[in-house]
Amino acid sequence: MNQVRTRFPPSPTGFLHIGGARTALFNWLFTRHHGGKFILRIEDTDVTRSTEEAVNAIIDSMQWLGLNWDEGPFLQSKRLAIYQEHVEKLLSRGKAYRCFCAPEELEEKRKRALQEKKKPKYDGKCRNLSSPYPDGPYAVRFKGPEEGRTVVEDLVKGRIVFENEELDDLIIQRSDGMPTYNFAVVVDDGTMGITHVIRGDDHVNNTPRQILLFRALGYPLPHFAHVPMILGSDRTRLSKRHGAESVMAYKEMGYLPGGLLNYLVRLGWSFGDQEIFSIGEMIEKFSLENVGKSAGIFNPEKLRSINGDHVKVREASKLVPLVLPFIKAKGYDIVEGEKLNKIVDILKGRSKTLVEMADQAEFFFKEEIEYDEEAAKKFLRPEAIDVFEELIEGLKGMEIMSEAEVESLLRGVAERREIKLVKVAQPVRVALTGFTASPGLFEVIDILGKAQTIKRLEEASAFIRSSVARPGGENED
RNA sequence: GUCCCCAUCGUCUAGCCUGGCCAAGGACACCGGCCUUUCACGCCGGCAGCACCGGUUCAAAUCCGGUUGGGGACACCA
């Protein structure tokens, strides 16, 4: 196969959403797999809806995801002369014609057809007009064949046949001189030498029209691959009402690009029973043959789980700079370092997202521990004070505190009292973290350090005394 | 309405092309259990599906036809 050239052509009318990201991903993966070129093209011919912010937002998302492109971004709005040239070529060859029908009139006919349950289609009123032309603005229409059929050999769907009479004469240039989507796409794909068009299957109906345009313009046909769409939980097109759909929203929710990409690639594509892929494996194993044909439903639960798998295997040092902003956002002015590294290391196996990790790390940085009400009621009882004091004494006697020493200290306390370790561990856990569930206690104490551990144990003792002293605030049995 | 596409556990999917190895495998979620200083992880086990009808065949999740269901497209939007 010649050098593969693909493109991702978002229209900058909003943020990059999940569906678009997956289309971009499939193109990117296919291209990287074949060592080709991936082109970013901004389809901004609809001036009224396109914005520069959207262009930037899309670029930011692509960069965050790591879907780098080799050429572009090209803006269609900067290529107007090229489209004009192609329109004239078609006009002079009699493959396009001027249409003077008023948009309102067309809209009226269209609505009526839909109401009468008929297929809305241009009636060809201006198809055979010739000069002298009437005054007034005109659009340019493609003069399509009235009979025969156009066949799409789709790389994922197989052969799809369309009757040409179903295809009406689409407008290729608006009366304001701007090209329309179907035309601009073909001119761009043709001039940019695109070899593979991989896009959502909501485009299959556009494909025969585009094929006709490719032929009329004399460009070689690219290969087409229509991938199934992503649907929301109600089985309709994914949109805002299905919850977050912008890629950046997932960044803010603490997802890793690799985790999101992994989830997305498995929605509609598979490689045997394998679920977890690194970016490298995705590139190595991706192929269009293994893309499924049916639409998939976006499942946030599975995304979260897969993201967790990615968090788990990432080195702590790589995770540190990624969680840091989330911890800072909670109001803790901390810096990277050995301590944060250790925290991330014990947390990464239990956090599905960076947001969860930041939440779980919070107690390490709190000046004062707030005790979970239930936890305090159950474990911060008078008899714990004695345990805390013995621990404090033991801690004070340690020169250098190590995890192993902490463990034997705690086990020793339990043994002397002839109680199970858990009876000692839980009150201590609540005193140190505020909760009944936390990472391993020995590790927590090791990270907290001697001084901070002693301080928290003392504060917990004080808390117990004050709640016992408070009338009505006594712990009951 | 017309055209196009799709159809395996609740969800993502393997298997389908090249029928038998499938009393259908994996993952998420859910439910048990084990491990254990708690929670989580991990491990073990469970729940749950070939949309329906007919045909071809010794044999069909796999091939063919139809039905039903779902989705998408029908703009001087992309």
Side-chain angles (χ1 to χ4, degrees), chain A residues 9-13 43-46 48-50 99 101-103 106-107 110 113-122 137-141 152 154 157-158 160-163 166-168 170-182 184-185 200-208 226 228-229 231 233 235-237 263 266-276 289-290 292-306 308 312 347-352 360 375 379 407 410-411 414 420-426 428-430 433 435-442:
Chain A
S11 67
T13 54
E43 312 225 317
D44 59 347
T45 55
D46 184 349
T48 55
R49 295 201 306 149
S50 300
C99 173
C101 297
L106 260 17
E107 179 63 16
R110 198 179 130 254
L114 239 26
Q115 241 163 29
E116 289 168 11
K117 310 267 187 203
K118 283 199 220 145
K119 188 182 177 78
K121 195 178 172 225
Y122 179 59
Y138 63 87
V140 178
R141 281 185 190 273
V152 180
D154 195 276
K157 305 258 183 200
I160 309 172
V161 180
F162 293 86
E163 295 296 331
E166 293 291 336
L167 283 19
D168 57 355
L170 75 165
I171 288 177
I172 58 176
Q173 186 179 52
R174 297 195 268 257
S175 48
D176 66 359
M178 292 296 271
T180 57
Y181 164 74
N182 279 111
V185 163
D201 69 10
D202 48 335
H203 281 290
V204 291
N205 290 285
N206 287 325
T207 309
H226 288 95
M229 316 218 326
L231 271 24
S233 49
R235 299 186 164 277
T236 62
R237 233 189 140 109
Y263 173 69
R266 279 287 289 106
L267 233 182
W269 172 82
S270 61
F271 189 80
D273 285 336
Q274 188 172 346
E275 298 280 349
I276 305 301
E289 290 99 80
N290 291 324
K293 294 182 180 182
S294 48
I297 294 174
F298 185 77
N299 182 347
E301 283 294 329
K302 184 138 187 181
L303 163 60
R304 188 172 163 276
S305 164
I306 287 181
K312 199 187 322 180
L347 253 27
K348 66 177 194 173
R350 43 206 304 135
S351 312
K352 305 287 189 194
Q360 292 166 348
F379 295 109
E407 174 162 2
L410 278 161
R411 288 195 187 279
K420 292 200 168 194
L421 180 58
V422 64
K423 294 281 185 190
V424 173
Q426 284 306 73
V428 173
R429 188 185 311 281
V430 175
T433 71
F435 300 97
T436 53
S438 82
L441 244 201
F442 315 135

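The figures that follow rest on heavy atoms only: side chains count, while hydrogens, waters and symmetry mates do not. Proteins get letters first, then strands, A, B, ... in listed order; numbering begins at 1 in each.
- What separates CZ of Phe271(A) from C1' of rA14(B) is a distance of 12 Å, to the nearest Å.
- Residue Asn206(A) is classed as a base contact, given a heavy-atom separation below 4.0 Å to a base.
- The interatomic distance linking Ile297(A) (CD1) with rC6(B) (P) rounds to 17 Å, in whole Å.
- Comparing the same atom, C1', in rA29(B) and in rG19(B) gives a spacing of 34 Å after rounding to whole Å.
- Nucleotide rC30(B) forms a Watson-Crick or G-U wobble pair with rG46(B), both donor-acceptor distances falling under 3.5 Å.
- In this structure, Arg49(A) reaches the bases: a heavy-atom distance under 4.0 Å links it to at least one base atom across the strands shown.
- Scanning all heavy atoms of the two residues, the minimum distance from Leu441(A) to Ala425(A) falls at CD1-O, 3.5 Å.
- We find that CG of Leu347(A) is positioned 10 Å from C1' of rA40(B), with the value rounded to whole Å.
- The closest donor-acceptor contact from the side chain of Tyr263(A) to the backbone of Asn299(A) lies under 3.5 Å.
- Spacing between atom CG of Asp168(A) and atom C1' of rU2(B) amounts to 12 Å, rounded to whole angstrom units.
- The two atoms that bring Met178(A) and Thr45(A) nearest to each other are CE-O, 3.3 Å, heavy atoms only.
- For rG42(B), one of the phosphate oxygens OP1 or OP2 lies less than 4.0 angstrom from a side-chain nitrogen or oxygen of Lys312(A).
- Counting non-hydrogen atoms of other residues, nucleotides and ligands closer than 6.0 Å to NZ of Lys423(A) gives a total of 12 or fewer.
- A search for side chain to side chain donor-acceptor pair (under 3.5 Å) contacts involving Lys157(A) returns Asp201(A), not counting sequence neighbours.
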Between protein and nucleic acid, restricted to nucleotides 28-37 of chain B and to nitrogen or oxygen atoms under 3.5 Å apart, what atom pairs and distances do you find?
residue, atom, partner, partner atom, Å
rU37(B), OP1, Arg411(A), NH2, 3.3
rU37(B), O2, Arg429(A), NH2, 2.4
rU37(B), N3, Leu441(A), N, 3.4

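- Protein atom CZ of Arg110(A) is 17 Å distant from nucleotide atom P of rG1(B), rounded to whole Å.
- Taking atom P in both rA75(B) and rU68(B), one finds a spacing of 27 Å when rounded to whole Å.
- Among all heavy-atom pairs drawn from Gln360(A) and Ser351(A), the shortest one is OE1-OG, 2.6 Å.
- The side chain to side chain donor-acceptor pair (under 3.5 Å) check on Lys312(A) picks up Asp309(A), with sequence neighbours excluded.
- Within 4.0 Å of Thr45(A), counting heavy atoms only, lie sugar-phosphate atoms of the nucleic acid but no base atom.
- Atoms CD1 (Ile160(A)) and C1' (rC6(B)) sit 11 Å apart, rounded to a whole Å.
- Residue contacts shown for Thr436(A) include a base, since a base heavy atom lies under 4.0 Å away.
- For Tyr122(A), there are no ring-ring contact (aromatic ring centres under 6.0 Å, His included) partners at least two apart in sequence or on another chain.
- Comparing the same atom, C1', in rC53(B) and in rC47(B) gives a spacing of 30 Å after rounding to whole Å.
- Among the nucleotides rA78(B), rG25(B), rC76(B), the one closest to any side-chain atom of Asp273(A) is rG25(B).
- In terms of position along RNA chain B, the nucleotide closest to Tyr263(A) lies nearer the 5' end than the nucleotide closest to the other residue of the pair Glu43(A) and Tyr263(A).
- The P atoms of rG15(B) and rG26(B) are separated by 15 Å, rounded to the nearest whole Å.
- Straight-line distance between the P atoms of rC4(B) and rU67(B): roughly 14 Å, to the nearest whole Å.
- Legend: residues meeting ring-ring contact (aromatic ring centres under 6.0 Å, His included) with Tyr181(A), ordered by chain and number and at least two apart, are His203(A).
- Remark: rC22(B) base-pairs with no nucleotide in the shown strands. Criterion, Watson-Crick or G-U wobble with two distances under 3.5 Å.
- Nucleotide rA51(B) forms a Watson-Crick or G-U wobble pair with rU67(B), both donor-acceptor distances falling under 3.5 Å.
- Shown here, rU56(B) forms no base pair; nothing in the strands shown gives a Watson-Crick or G-U wobble contact with both key distances under 3.5 Å.
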Please list each protein N or O that sits under 3.5 Å from an N or O in nucleotides 45-51 of chain B, with the distance.
none

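- Under the side chain to side chain donor-acceptor pair (under 3.5 Å) criterion, Glu275(A) pairs with Arg266(A), Lys302(A), not counting sequence neighbours.
- Residues that satisfy the salt bridge (charged side-chain N to carboxylate O under 4.0 Å, His left out) test with Glu166(A), not counting sequence neighbours, are Lys119(A).
- One donor-acceptor pair, N or O on each side, does fall under 3.5 Å between the base of rC76(B) and the side chain of Ser175(A).
- In this structure Thr433(A) satisfies the side chain to side chain contact (heavy atoms under 4.5 Å, CB included) test together with Phe363(A), Arg429(A), Phe435(A), Ser438(A), Val444(A), sequence neighbours excluded.
- The same atom, P, is picked in rG1(B) and in rA60(B); the two are 36 Å apart, to the nearest Å.
- The CD1-P distance, from Ile171(A) to rA75(B), rounds to 10 Å in whole Å.
- At the heavy-atom level, Cys99(A) lies nowhere under 4.0 Å from the strands shown.
- Searching all strands for a Watson-Crick or G-U wobble partner of rU36(B) with both distances below 3.5 Å returns nothing.
- Checked against side chain to side chain donor-acceptor pair (under 3.5 Å), Glu163(A) has the following partners two or more places apart in sequence or in another chain: Arg149(A).
- OP1 or OP2 of rA14(B) sits under 4.0 Å from a side-chain N or O of Ser270(A).
- Taking atom P on both nucleotides, rG42(B) is separated from rA27(B) by 11 Å, rounded to a whole Å.
- Taking the side chain to side chain contact (heavy atoms under 4.5 Å, CB included) definition, one finds that Ser294(A) meets it with nothing, sequence neighbours left out.
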Check nucleotides 70-72 of chain B for protein N or O atoms closer than 3.5 Å to its own N or O atoms and list the pairs.
residue, atom, partner, partner atom, Å
rG72(B), OP1, Arg237(A), N, 3.1
rG72(B), O3', Arg237(A), NH1, 3.4
rG72(B), N2, Asn205(A), ND2, 3.1

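- At the heavy-atom level, Glu275(A) lies under 4.0 Å from base atoms of the strands shown.
- Sequence order on RNA chain B of the closest nucleotides to Pro179(A) and Ser351(A) puts Ser351(A) first from the 5' end.
- Separating the C1' atom of rC9(B) from that of rC3(B) is a span of 33 Å, rounded to the nearest Å.
- Regarding Ile276(A), its CD1 atom lies at a distance of 12 Å from the C1' atom of rG26(B), rounded to whole Å.
- A donor-acceptor contact shorter than 3.5 Å links the side chain of Thr180(A) to the backbone of Ile171(A).
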